[in-house]
A.B. asks: 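Before I ask anything, let me first share the structure, which is written out below as structure tokens.
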Amino acid sequence: MKDELNLIESQILRIFRNNKKNTDDSMDTKKVLTDSLKALEDNFDIILNSLTEKGFILQSGDKLILTDKGDEYLYRTKLYSDY
């Protein structure tokens, strides 16, 4: 089993901690989704700036543009379903 988590998976687990949940405590799925979307919204500009600084995207007004470097990363890490 692969224990390494991506950022979104980690964020979902942090939601349990932020809601003071312990082992075997449950949360409503819609609450977890709402909290996840809120966390993404709160950090969206930071994430976009990071991707821009790394050269994976360009920002042009209200548009985001995938760069060759970003496309290469998606290919290399097999994040495209058609690769």
Side-chain angles (χ1 to χ4, degrees):
M1 182 171 133
K2 186 176 179 182
D3 286 337
E4 209 167 301
L5 302 177
N6 68 36
L7 290 173
I8 294 171
E9 292 168 329
S10 297
Q11 179 58 45
I12 289 172
L13 290 180
R14 277 194 292 274
I15 289 168
F16 281 87
R17 185 191 70 218
N18 293 343
N19 284 278
K20 298 178 179 20
K21 299 295 181 181
N22 295 317
T23 302
D24 294 331
D25 286 346
S26 66
M27 284 187 67
D28 183 70
T29 303
K30 291 196 183 287
K31 168 79 169 133
V32 174
L33 175 60
T34 300
D35 288 0
S36 296
L37 292 172
K38 176 72 173 123
L40 176 60
E41 183 178 34
D42 291 346
N43 294 297
F44 197 65
D45 289 336
I46 295 167
I47 295 166
L48 291 183
N49 289 337
S50 177
L51 289 170
T52 301
E53 288 174 10
K54 292 175 182 174
F56 292 148
I57 64 170
L58 297 173
Q59 296 184 55
S60 177
D62 290 338
K63 304 285 183 192
L64 300 175
I65 304 160
L66 181 66
T67 65
D68 287 339
K69 184 176 180 179
D71 188 56
E72 179 184 319
Y73 176 82
L74 291 170
Y75 176 76
R76 191 174 60 250
T77 56
K78 298 180 174 81
L79 292 175
Y80 273 150
S81 61
D82 58 340
Y83 283 143

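Quick caveat: nothing in here was measured; it's all calculated off a predicted structure. Quick note: numbers below take in every heavy atom, side chains included, and nothing from hydrogens, waters or symmetry partners.
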A.B. asks: Should we say atom CG of Asp68 is surrounded by more than 12 heavy atoms from elsewhere, each under 6.0 Å from it?
C.D. replies: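 12 or below, so no.
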A.B. asks: Flag yes if more than 12 heavy atoms outside Ile65 fall under 6.0 Å of its CD1 atom; otherwise flag no.
C.D. replies: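 Yes - once you tally the heavy atoms of other residues, nucleotides and ligands closer than 6.0 Å, there are more than 12.
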A.B. asks: Is it true that Leu74 and Phe56 fall in one hydrophobic cluster, defined by side-chain heavy atoms closer than 4.5 Å?
C.D. replies: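 Linked, Leu74 and Phe56 end up in one cluster.
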A.B. asks: Taking atom CG of Leu37 as the centre, does the number of heavy atoms from other residues, nucleotides or ligands within less than 6.0 Å exceed 12?
C.D. replies: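 Result for CG/Leu37: enclosed.
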A.B. asks: Would a 4.5 Å heavy-atom cut-off, applied to side chains only, mark Ile15 and Ser36 as touching?
C.D. replies: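 The answer is yes; the side chains approach within 4.5 Å.
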A.B. asks: If you group Ile, Leu, Val, Met, Phe, Trp and Tyr by side-chain heavy-atom gaps below 4.5 Å, do Leu66 and Leu51 land in one group?
C.D. replies: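 They do share one cluster, since a chain of ILVMFWY contacts under 4.5 Å joins Leu66 to Leu51.
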A.B. asks: How about Asp25 and Asn19: does a side-chain donor come under 3.5 Å of a side-chain acceptor?
C.D. replies: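 No, because no side-chain N or O of Asp25 sits under 3.5 Å from a partner of the opposite role on Asn19.
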A.B. asks: How about Tyr73: does its OH atom have over 12 heavy atoms from other parts shown lying under 6.0 Å from it?
C.D. replies: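 For Tyr73, atom OH is not crowded (no more than 12 foreign heavy atoms under 6.0 Å).
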A.B. asks: So, do Gln59 and Asn49 sit near enough that their side-chain heavy atoms are less than 4.5 Å apart?
C.D. replies: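 They are in contact (side-chain heavy atoms under 4.5 Å apart), so the answer is yes.
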A.B. asks: Shared ILVMFWY cluster between Phe16 and Ile8, side chains joined below 4.5 angstrom?
C.D. replies: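 Same cluster.
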A.B. asks: Membership question, hydrophobic clusters at under 4.5 Å side-chain separation (ILVMFWY): are Leu13 and Leu33 in the same one?
C.D. replies: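 Not linked; separate clusters.
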A.B. asks: Walk me through it: do Leu48 and Leu64 pass the test side-chain contact (heavy atoms from CB on, under 4.5 Å)?
C.D. replies: CA-CA 9 Å; Leu48 291 183; Leu64 300 175; 3.7 Å; yes
A.B. asks: Measure the spacing between NZ of Lys38 and CD of Gln11 and express it to the nearest 0.5 Å.
C.D. replies: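 Between Lys38 NZ and Gln11 CD, I get 11.5 Å after rounding to 0.5 Å.
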